[in-house]
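These notes concern the structure reproduced below.
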Number of protein chains: 2
Amino acid sequence: MDTLALAQVLSPPIKRSLGDDVAESLRDAILSGQLKPGEQLREAALSEMLGVSRGPVREALSRLDREGLVVISRTGRTTVARLSLEDLDEVYSLRRTLERLAIEYACMRATPEDIAELQAVVNSMAAALKRGISEKEGAELDLRFHDVLYQSSRHQRLLDFWTTLRSQVYIIMLSRNVASADFKDAVVYGHQGIVDAIKARDKDQALDLIEQHMAVAYDLVSKSYVQAYTDPDRTI
Amino acid sequence: MDTLALAQVLSPPIKRSLGDDVAESLRDAILSGQLKPGEQLREAALSEMLGVSRGPVREALSRLDREGLVVISRTGRTTVARLSLEDLDEVYSLRRTLERLAIEYACMRATPEDIAELQAVVNSMAAALKRGISEKEGAELDLRFHDVLYQSSRHQRLLDFWTTLRSQVYIIMLSRNVASADFKDAVVYGHQGIVDAIKARDKDQALDLIEQHMAVAYDLVSKSYVQAYTDPDRTI
DNA sequence: AAACAGAAAATTGTTAACAGTTTACAATTG
DNA sequence: CAATTGTAAACTGTTAACAATTTTCTGTTT
């Protein structure tokens, strides 16, 4: 194997900074509820706890701020974000808008491999549903489908925007208290339709379906959104 | 004057960190062409030049990276961003999508004060055009209109997204070489129509108009986009 | 010459200390 | 006892030095 062919197979190992690690740790802690909405995050305490200096912690907090998982006040105090109903509306309206664009581009650009991967995600969710599945697993498989959709759009900036919105969508998914089996079935059904439309390169159809999909999701979420992220005493 | 009344008049001074200042300086330097596409930005050199330590410089570079004005490579090297035609497509497709959402929300939420401000921006651009106006002034007035539009939408996350896209739109506007008087007139005409539609709370009409406005802008830009930001030797 | 290896220089990543600001608390006053 | 002021503690902002990595240079080999 010559060096050119090697280069195509061996991509350079992705360099991770301590800031990346810290951001991941904190993100997990927030999404799993170990860090509760409203809780204050102190740089010194975090850096000690994680065994790094304040620099990387600062960088991580700044990133989480961008992702909407924490709020940095004007005086520099950082707290875990609390999502109000108004925030929920913002997140979902933006999401709807981004998904439409993703669909448009995916219809034009998705490769057969992309479509196969989309189908694989739908299949694994269908299989998971049959054997029974936790709230968390459901949310993650749902998000996974949309991740692949954005990937398929081959639109770097769109993917970046989705990445900044993604965690908040995840929080909202987890905090809805009525993700019924019916709803999960509807998700699989919805996803399958979208895959079919993309495969057929039928943009209008795909747009209709994603619009429906988003409407259903928002409807459910806004009705059932427990104020877990607004009530400071609630422990989820 | 009691303290309550005072509080309404005296807002706390916005705290600016050195990172804010550095980001602003660098942004200006990039947008004005003093820092050219592809040029490498070294933390030590910048910190010395600006009289601050590397910390704030780092923070600023990270912010500009988010805004798409610089690119931070996997090995940490930072260069001034170069916008390809593909990037131009990404920026404008995303912009079109965000503007549609802004219009939707502005139609619902714009206050009479918002509408008056939109009208004021249109008027000042019309006036400026009559007396003659530079490329730069034209772009800035154009952007100003859209800034106010996003403000009027009362949608914080949407405004944040626009903020991260804004600088790239500005670069693209400046690098088109045929911003004819005709086009500038078309901009004023387009903006006026949008203001009227928002005033009438006519969402469908406003959406049609913004769609046209974006199509015209993209069409012009993509045709005339000089490769200033892709050709390293070009000095704009 | 082109390719390579190793050393030196340049550059970013990280840390720890210092400076400035904000918050919490206790003492004081009306 | 509520409101206010002064003070100490806590915390973030910034800096400068050190560590690790990447790039550049130079000499060597084929």
Side-chain angles (χ1 to χ4, degrees), chain A residues 1-7 10-26 29 35-36 38-66 69-81 232, chain B residues 1-7 10-26 29 35-36 38-66 69-81 232:
Chain A
M1 205 182 224
D2 64 338
T3 56
L4 188 78
L6 252 182
L10 260 49
S11 53
I14 331 126
K15 233 184 82 178
R16 284 178 66 83
S17 70
L18 290 186
D20 294 330
D21 294 342
V22 172
E24 191 173 311
S25 296
L26 291 178
L35 291 173
K36 294 182 188 32
E39 192 167 340
Q40 191 167 346
L41 299 179
R42 290 172 192 83
E43 294 179 0
L46 294 174
S47 75
E48 205 170 329
M49 216 179 291
L50 298 166
V52 300
S53 68
R54 279 177 51 216
V57 171
R58 228 145 195 287
E59 194 190 308
L61 290 179
S62 157
R63 191 159 345 156
L64 296 183
D65 177 53
R66 201 185 327 154
L69 290 183
V70 307
V71 176
I72 302 181
S73 78
R74 203 175 290 95
T75 57
R77 260 58 177 179
T78 304
T79 55
V80 178
Chain B
M1 205 180 223
D2 63 338
T3 56
L4 189 78
L6 252 180
L10 260 49
S11 54
I14 328 122
K15 235 182 86 177
R16 283 178 67 84
S17 70
L18 290 185
D20 295 329
D21 294 342
V22 172
E24 190 173 313
S25 296
L26 291 178
L35 291 173
K36 295 183 187 28
E39 191 167 341
Q40 189 168 348
L41 299 179
R42 291 174 192 84
E43 294 180 0
L46 293 174
S47 75
E48 204 170 328
M49 216 178 291
L50 297 165
V52 299
S53 68
R54 278 175 52 216
V57 171
R58 233 145 189 286
E59 194 191 307
L61 290 179
S62 158
R63 189 154 352 149
L64 296 183
D65 177 54
R66 202 184 324 153
L69 290 183
V70 307
V71 176
I72 302 182
S73 80
R74 202 176 290 90
T75 58
R77 261 56 176 179
T78 304
T79 54
V80 177

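We name chains A, B, ... by the order of the sequence lines, and we start the count at 1 in each one. Worth saying up front: this structure is predicted, and the values here are computed from it rather than measured.
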**OP:** Give the B/S/- string for nucleotides 17-25 of chain C, one per nucleotide from 5' to 3', where a protein heavy atom under 4.0 Å of the base yields B, of only the sugar-phosphate yields S, and otherwise -.
**Re:** B----SS--

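A/Gln40 CD to A/Thr78 OG1: the interatomic distance, rounded to the nearest 0.5 Å, is 8.0 Å. Separating the CG atom in B/Asp65 from the OG1 atom in B/Thr79 is a distance of 9.5 Å, to the nearest 0.5 Å.
Taking atom CD on A/Glu43 and atom C1' on D/dT12, their separation rounds to 6 Å, with Å as the unit. The CG-P distance, from A/Asp65 to D/dT12, rounds to 14 Å in whole Å. As rounded to whole Å, 13 Å separates atom P of D/dT12 from atom CD of A/Glu48. One atom, CD of B/Glu59, and another, C1' of D/dT15, lie 14 Å apart when rounded to the nearest Å.
Base engagement by A/Gly55 is indicated by at least one non-hydrogen atom pair under 4.0 Å involving a base atom. Using a 4.0 Å heavy-atom cutoff across all strands shown, A/Ile72 reaches no nucleic acid atom at all. Using a 4.0 Å heavy-atom cutoff across all strands shown, A/Leu61 reaches no nucleic acid atom at all.
Legend: residues meeting salt bridge (Lys or Arg N to Asp or Glu O under 4.0 Å) with A/Glu24, ordered by chain and number and at least two apart, are A/Arg16. With sequence neighbours excluded, the residues that form a salt bridge (Lys or Arg N to Asp or Glu O under 4.0 Å) with B/Glu43 are B/Arg54, B/Arg58. Under the side chain to side chain contact (heavy atoms under 4.5 Å, CB included) criterion, A/Glu48 pairs with no residue, sequence neighbours left out. Here A/Arg74 pairs with nothing under the salt bridge (Lys or Arg N to Asp or Glu O under 4.0 Å) rule; sequence neighbours left out. Contacts of A/Leu46 classified as side chain to side chain contact (heavy atoms under 4.5 Å, CB included), with partners at least two apart in sequence or in another chain: A/Leu26, A/Leu41, A/Val57, A/Leu61. Under the salt bridge (Lys or Arg N to Asp or Glu O under 4.0 Å) criterion, B/Asp20 pairs with B/Arg63, sequence neighbours left out. Residues that satisfy the side-chain hydrogen bond (donor to acceptor under 3.5 Å, both in side chains) test with A/Ser53, not counting sequence neighbours, are absent from this structure. For A/Thr75, the side-chain hydrogen bond (donor to acceptor under 3.5 Å, both in side chains) partners two or more places apart in sequence, or in a different chain, are A/Ser73. Every side chain to side chain contact (heavy atoms under 4.5 Å, CB included) that A/Ser25 has, sequence neighbours left out, goes to A/Leu50.
Considering only side-chain atoms of A/Pro56, the nucleotide from D/dT14, C/dT15, C/dT12 that sits closest is C/dT15. Counting only heavy atoms from C-beta on, A/Ser53 has its side chain closest to C/dT15 among C/dT12, D/dT15, C/dT15.
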Using nucleotides 5-7 of chain D, report all nitrogen or oxygen pairs with the protein that are shorter than 3.5 Å.
none

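Contact check of residues 18-26 of chain A against DNA chain C (heavy atom, cut-off under 4.0 Å) returns A/Leu18.
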